[in-house]
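Accompanying notes for the structure given below.
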Amino acid sequence: MIRKIIILFFFTQLSAEIVIDGKLDEIEWDSAGVIDTFFVTEPLTYATPEVETEVLYFANEKGIYFGFKNFKPSERQTSIQHKRDAWMVDGDRNFIIIDFVGNGNNGFSFGTSLGDSVGDGTVSNENQFNQDWDGVWFVKTSKDSEAWYSEFLIPWDVAPISSSSEDEIEIKIRLNTFDFLSNEWSSFPAIWSTDSAFLSKFEPIKVKNFARNTKSGADFYPYISISQ
């Protein structure tokens, strides 16, 4: 009986739902892909950033997960809250842009500031940004004495994606971070949003293809506007 209880507990731990809380403590993160090569792109020096950043990624049936680890002590961490889609803000930030199809035509941007304010939008025609798009996705930040963290879930149905029967699919990404105290933007790959060739230079990564089981749908967002 004791053996059965232990096995049941272990299975429950393995199949537990991932909580988007900025902690990056679920077992899935232990076997995630890793990106840890960033370059300073604003100012455009291509130098090694002052702040080391590591980004983990994996996919499951809900979507693609990204976890940022921004390694800097608490006294260098700058939290801020701001309105959605604000660009020029005085705080530490993490961003992901994804070309789900991988053809360099359209990208979808997802970002957060330390403090859990968010921004999103689209990119087309290489470097034309539009912040009118608001998608349904999830992110949360946390911090400790050595680093601050952001945990993203980008659902499969947030944007059109190529149909494939393969076990893995390839998407293209651009990651970047902002360190407020040094006023540095760091990116992977080493491209900046004003480059004439930006979207077409995203870096490919592969994730498990759970998208083939995703059904398309439509979202409706009611709103009310009041002026006085």
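Since we're looking at a predicted model, the values are computed, not measured.
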Checklist outcome for this item: Checking Leu114, Asn70, Asn183 against Phe178 for side-chain contact (heavy atoms from CB on, under 4.5 Å), the one that qualifies is Asn183
Next on the checklist: Treating Glu42 as the side-chain partner and Trp192 as the backbone partner, does any N or O pair qualify as donor plus acceptor under 3.5 Å?
Outcome noted: no
Item to check | Of Asp120, Ile96, Asp92, Val139, the residue whose pairing with Thr112 passes side-chain contact (heavy atoms from CB on, under 4.5 Å) | outcome: Val139
Item to check | Geometric class of the Trp137/Phe152 ring pair [parallel <30°, tilted 30-60°, perpendicular >60°] | outcome: parallel
Item to check | Close side-chain approach of His82 and Ser113, heavy atoms under 4.5 Å | outcome: yes
Checklist entry - Of the non-hydrogen atoms in Asp179 and Arg76, which two are nearest, and what is the gap between them? => result OD2-NH2, 2.6 Å
Checklist entry - Does Phe39 have its ring centroid less than 6.0 Å away from the ring centroid of Tyr46? => result no
Item to check | Shared hydrophobic cluster, Ile191 / Leu175 (ILVMFWY, side-chain heavy atoms < 4.5 Å) | outcome: no
Item to check | Side-chain touch Ile205/Ile171, heavy atoms, less than 4.5 angstrom | outcome: yes
Checklist entry - Cluster question for you: counting only ILVMFWY and a side-chain heavy-atom cut-off of under 4.5 Å, with indirect links fine, are Ile35 and Ile154 together? => result yes
Checklist entry - With side chains defined as the heavy atoms from C-beta onward, is the minimum distance between Lys72 and Lys143 less than 4.5 Å? => result no
Next on the checklist: Is there a side-chain contact between Ile161 and Val101 in this structure, where contact means two heavy atoms from C-beta onward sitting under 4.5 Å apart?
Outcome noted: no
Item to check | Pairwise side-chain contact, Ser109 with Arg174, heavy-atom cut-off 4.5 Å (strictly under) | outcome: no
Item to check | Phe188-Val123 co-clustered via ILVMFWY side chain contacts under 4.5 Å | outcome: no
Next on the checklist: Are Ile173 and Phe129 linked, directly or through intermediate hydrophobic residues, by side-chain heavy-atom contacts shorter than 4.5 Å (ILVMFWY only)?
Outcome noted: no
Item to check | Any donor-acceptor N/O pair, Ser187 side chain to Pro189 backbone, under 3.5 Å | outcome: no
Checklist entry - Are Asp85 and Asp134 side-chain neighbours, meaning at least one heavy-atom pair lies under 4.5 Å? => result yes
Checklist entry - Would you say the side chains of Asn94 and Thr177 form a donor-acceptor pair under 3.5 Å? => result no
Checklist entry - Considering all heavy atoms of both residues, which atom of Ala86 and which atom of Arg93 are nearest to each other, and what is their separation? => result O-NH2, 2.9 Å
Checklist entry - Side chains of Asp116 and Thr141: do they bring a donor and an acceptor to under 3.5 Å? => result yes
Item to check | Exercise: identify the closest heavy-atom pair between Asn106 and Ser124 | outcome: OD1-CB, 3.8 Å
Next on the checklist: I'd like to know if the side chain of Glu126 pairs up with that of Ser196 as donor and acceptor (distance under 3.5 Å, no hydrogens or angles considered).
Outcome noted: no
Checklist entry - Should the pair Trp133 and Phe108 be assigned to parallel (<30°), tilted (30 to 60°) or perpendicular (>60°) ring geometry? => result perpendicular
Checklist entry - Can you check side-chain hydrogen bond (donor to acceptor under 3.5 Å, both in side chains) on Glu151 and Trp29, steps first, answer last? => result CA-CA 11 Å; Glu151 185 175 26; Trp29 293 112; 3.2 Å; yes
Item to check | Ionic contact status for Lys201 with Asp195, cut-off 4.0 Å | outcome: no
Item to check | Over all atoms of both residues, closest heavy-atom pair of Tyr57 and Val34 | outcome: CE2-N, 3.9 Å
Checklist entry - Heavy-atom distance under 4.5 Å between the side chains of Phe38 and Val55, does that happen here? => result yes
Checklist outcome for this item: Taken to the nearest 0.5 Å, the spacing of Asp99 CG from Leu199 CG works out to 5.5 Å
Next on the checklist: Please verify the inter-ring angle class for Trp87 with Trp185; under 30° counts as parallel, over 60° as perpendicular, anything in between as tilted.
Outcome noted: parallel
Checklist entry - Distance from Phe95 atom CZ to Ser193 atom OG, nearest 0.5 Å? => result 10.0 Å
Checklist entry - Are Ser200 and Lys172 close enough that some pair of their side-chain heavy atoms sits under 4.5 Å apart? => result no
Checklist entry - Is Glu168 atom CD crowded by more than 12 heavy atoms from other residues, nucleotides or ligands, each under 6.0 Å away? => result yes
Checklist entry - Above 12 or not: heavy atoms from other molecules or residues under 6.0 Å from CD of Glu170? => result yes
Item to check | Polar side-chain atom of Gln77 near backbone of Ala147 as donor-acceptor pair, under 3.5 Å | outcome: yes
Item to check | Closest heavy-atom pair and its distance - Asp21, Lys23 | outcome: OD1-N, 3.0 Å
Checklist entry - Hey, does the side chain of Glu28 reach the backbone of Phe58 with a donor-acceptor pair shorter than 3.5 angstrom? => result no
Item to check | Salt-bridge present (Lys69, Asp36; N to O < 4.0 Å) | outcome: no
